[in-house]
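Whatever order the structure lists ligands and atoms in, that order sets their numbers, starting from 1.
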Amino acid sequence: MLDLGTIWDRALWPAAEKVSAGQPLSQEDGVALYASRDIHAIGQMADVVRRRMHQDKTYYNRNRHINYTNVCALSCKFCSFYRKRGEEGAYEMPVDQVVHIAQKAALAGATEVHIVGGLHPWLKFDYYLNMLRGIRQQCPELHIKAFTAIEIVHLTRVARLSIRQVLEALRDAGLGSLPGGGAEIFDDRVHDEVFKGKVREDKWFEVHRTAHELGIFSNATMLYGHIENPAERIGHLIKLRNLQSQSLSAMGIDHGDSLSAPPIGENQTGRACFNCVIPLSFIPERSELGHLPGPTGLTDLKTLAITRLMVHNIPHIKAFWIMQGIGLAQLALSWGCDDLDGTVVWYDITKREGQGVHQEFHVRDIQRLIRETGGRPVERDTLYREIEREPIHA
Ligand code: V47
């Protein structure tokens, strides 16, 4: 329970009262949270909501990220991953290589592959379908979470199909769910300054709305700590919860406005919704925005906590340790986050100074880190179903 007496910043009282009463926060509440120096109150409020939803459970998964190409038609200023074709370091993996990596991951106990890449100008639609079919054939149990909304829009042009048709074809070939990338900040000012060539937010939402209509679950990200301001971050989060509200209604879930985990579980409607929000901490190194300082630890913690508080109807908030760093991701587990993503193994999109693409977090270390926070480590699959393993494999 929240004790208003412990919250010295009275500007937070309206938000705290809503959190206590289980009501959603407004744009003004979100901006007041960012403006406040009462950081313990913000953390405490987020922890109250996180515990109401998940008690002491803290989720992780065994996964393997695969970035099949870094060749990209776009040149987003925040991105240090993309290369132009022929440029030094540009690569595209043959389908067999992607399938082989997925096979190795499955053998090592992974339940998920997370596959994303640049917008490659010449790869044909068959490349993507064959990748999914190949993995499905070799590893029938492995969940394939693949392609950001931006890649899906790119594929509509490659295949000359609609968003719905592309998603249906990918699903039939083995796609299990959509990751949350490519969202950045849903705001035209920020879009035009930092990722002008990318489709606007309406397309990102159309992809996720259509996926939900087709029963494909998805995630959502927010890239923060570059040129956006707190009001723009809050606007982004409110747009996410608005789509979630529609998707939950279509699933027949009367979540109302309550600040509790929507009872998603097994549903018979054939529809889907967002599972998780992942706030991504901007890493300036090697990008065109390398002159920016990047978010501070306090901005990281506040953003993770405020995301939990603002997005009352999406059940999980992930502290993606690759972006926030392991130390801060651990702290975030007491600041509203209930998930750490997973073992990852290989990650090419962002690398902190001195790090290569091998970025791996071993299960034993994940569990130790969660236990130290007082949390209970729970291995999950992509759709947050709990996984029990024989002790020898735990
Ligand atoms: O869309 C690119 C971001 C995203 C930088 O769905 C950067 O479970 C920080 O979406 N600094 C890809 N971020 C990663 C992503 C993701 C990660 C983990 C889990 C899930 C999920 C999704 O990475 C891109 C972009 O927003 N990004 N460059 C950078 N310099």
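Looking at Phe320 against ligand 1, only its side chain comes within 4.0 Å, counting heavy atoms. Using a 4.0 Å cut-off between heavy atoms, Ser281 contacts ligand 1 through its backbone alone, with no side-chain atom that close. The part of Tyr347 lying near ligand 1 is the side chain, judged by heavy-atom distances below 4.0 Å.
For the pair Arg286 and ligand 1, no heavy-atom separation below 4.0 Å is found. Residue contacts with ligand 1: Ser80 is excluded, as none of its non-hydrogen atoms falls under 4.0 Å.
Summary of contacts: the protein heavy atom closest to atom 22 (C) of ligand 1 is His114 CE1, 3.5 Å. Protein heavy atom at the shortest distance from atom 25 (C) of ligand 1 is Glu184 OE1, 3.5 Å. For atom 4 (C) of ligand 1, the closest non-hydrogen atom of the protein is Leu280 CD1, 3.6 Å. For atom 11 (N) of ligand 1, the nearest protein heavy atom (residue, atom name, distance) is Ile283 N, 2.9 Å.
Cation-pi check for Arg380 over Tyr384 is met; the charged atom lies under 6.0 angstrom from the ring centroid and within 45 degrees of its normal. Because its NZ or CZ atom is both nearer than 6.0 Å to the ring centre of Tyr34 and within 45° of the ring axis, Arg233 counts as a cation-pi partner of that residue.
Of the listed residues (Phe147, Trp204, Tyr128), just one forms a side chain to side chain contact (heavy atoms under 4.5 Å, CB included) with Ile152, and that residue is Phe147. Exactly one of His143, Arg171, His114, Lys145 qualifies for a side chain to side chain donor-acceptor pair (under 3.5 Å) with Ser177. That residue is His143.
Checked by atom type, the side-chain pair His191/Glu184 shows no donor-acceptor distance below 3.5 Å. One side chain, Asp29 or Ser26, offers a donor N or O that lies under 3.5 Å from an acceptor on the other.
Comparing Gly181, Gly290, Ser218 against atom 10 (O) of ligand 1, the shortest heavy-atom distance belongs to Gly181.
Distances below 4.0 Å separate heavy atoms of Lys318 from the following atoms of ligand 1: 8 (O), 19 (C), 21 (C). Every atom of ligand 1 with a heavy atom of Asn219 under 4.0 Å away is listed here by number and element: 6 (O), 8 (O), 21 (C).
An N or O contact shorter than 3.5 Å is missing between Leu223 and ligand 1 by distance. Residue-to-ligand polar distances keep Ala183 apart from ligand 1: every N/O pair is separated by 3.5 Å or more.
Here side chain to side chain donor-acceptor pair (under 3.5 Å) pairs that include residues 152-166, with residues two or more places apart or in two chains, are Ser162-Gln165, Arg164-Glu213.
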Evaluate Asp365 against Leu369 for side chain to side chain contact (heavy atoms under 4.5 Å, CB included), listing each step before the verdict. CA-CA 6 Å; Asp365 295 326; Leu369 179 144; over 6 Å; no

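With salt bridges taken as basic N to acidic carboxylate O contacts below 4.0 Å, none links Asp338 and Arg50.
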